[in-house]
Amino acid sequence: DSLKRANAAYDQALIAGDAVALDRFYTDDFQIIDDNANIHGKAGQINFMTKEVDLLSAKSDQVRITMLAPDSALMTGRFTGRYRYRGEERDFVERYTAVWVREKGDWKLKHEHSSLVPEQSQRPAGA
């Protein structure tokens, strides 16, 4: 389905640290609530994912999609992988909820909320 393909392409853009692709995936009013309950907008999230953290590997699984309307959907899933942050490499497992909307035929992320699974993730000191 087109939304699952969009989510897989989004995962690849995150791993590649591709700011141009991420800009296309996020709506202009995109928000994310991160693991520490901080809220970031589109520019802040793109900066973080392309300049501060190096996502070495990652993939979504356990993806469930609930259509809210013809052009909006709620997605939940698990995102697992490995990243480098401030010189430390760590594995992570997170659960996420995402709201996707279709704009001009393309699926885009409007809102995301992620939470690390504590017993399966290693947070670097100070992160």
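Given the structure is predicted, the values throughout are model-derived calculations rather than measurements.
Between the CG atom of Asp35 and the CG atom of Leu116 there is a distance of 3.5 Å, given to the nearest 0.5 Å. Atom-to-atom distance recorded for Gln45:CD and Thr50:OG1 is 9.5 Å, nearest 0.5 angstrom. The structure places OG1 of Thr97 at 7.5 Å from NE2 of His113, a figure rounded to the nearest 0.5 Å.
Every residue meeting the side chain to side chain contact (heavy atoms under 4.5 Å, CB included) condition with Asp54, not counting sequence neighbours, appears here in chain and number order: Leu56, Arg84. With sequence neighbours excluded, the residues forming a side-chain hydrogen bond (donor to acceptor under 3.5 Å, both in side chains) with His40 are Asp34, listed by chain and number. For the salt bridge (charged side-chain N to carboxylate O under 4.0 Å, His left out) test, no residue two or more places apart in sequence or in another chain qualifies with Asp1. Contacts of Asp28 classified as side-chain hydrogen bond (donor to acceptor under 3.5 Å, both in side chains), with partners at least two apart in sequence or in another chain: Lys42.
Side-chain contact check for Asn7 versus Trp100: some heavy-atom pair is nearer than 4.5 Å. Looking only at side-chain heavy atoms (C-beta outward), Arg95 and Thr76 stay at 4.5 Å or farther from each other.
The same ILVMFWY cluster, assembled from side-chain heavy atoms under 4.5 Å apart, contains both Ile46 and Phe48. Note on Tyr85: it clusters hydrophobically with Phe92, by side-chain heavy-atom contacts below 4.5 Å among ILVMFWY residues.
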Where do Asp29 and Lys110 land on the side chain to side chain contact (heavy atoms under 4.5 Å, CB included) test, with the steps shown first? CA-CA 7 Å; Asp29 61 347; Lys110 185 169 188 67; 2.6 Å; yes

Just do the side chain to side chain contact (heavy atoms under 4.5 Å, CB included) check on Thr27 and Leu109 with the steps written out, would you? CA-CA 6 Å; Thr27 61; Leu109 274 161; over 6 Å; no

Is there a side chain to side chain contact (heavy atoms under 4.5 Å, CB included) between Met75 and Leu3 once you walk through the steps? CA-CA 9 Å; Met75 178 183 288; Leu3 182 49; 3.8 Å; yes

Where do Thr80 and Lys59 land on the side chain to side chain contact (heavy atoms under 4.5 Å, CB included) test, with the steps shown first? CA-CA 6 Å; Thr80 60; Lys59 69 175 182 153; 4.1 Å; yes

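The heavy-atom pair separating Arg102 from Pro70 by the smallest distance is NH2-O, 2.7 Å.
Donor-acceptor pairing under 3.5 Å is recorded for the side chains of Trp107 and Ser2.
Taking the six-membered ring for Trp and thresholds of 30 and 60 degrees, Phe79 and Tyr96 have ring planes more than 60 degrees apart, a perpendicular arrangement.
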Under 3.5 Å donor-acceptor pairs involving side-chain atoms of residues 9-18, not counting sequence neighbours:
residue, atom, partner, partner atom, Å
Tyr10, OH, Tyr26, OH, 2.9
Tyr10, OH, Glu112, OE1, 3.0
Asp11, OD1, Ser60, OG, 3.3
Asp11, OD2, Ser60, N, 3.1
Asp11, OD2, Ser60, OG, 2.9
Asp18, OD1, Val20, N, 3.1
Asp18, OD1, Ala21, N, 3.0

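Between Glu89 and Arg82 there is a salt bridge, with a side-chain nitrogen of the basic residue lying less than 4.0 Å from a carboxylate oxygen of the acidic one.
Here Ile39 sits in one hydrophobic cluster together with Ile33; the rule is ILVMFWY side chains under 4.5 Å apart, joined directly or through other members.
In this structure a side-chain-to-backbone donor-acceptor pair under 3.5 Å is missing from Ser72 to Leu68.
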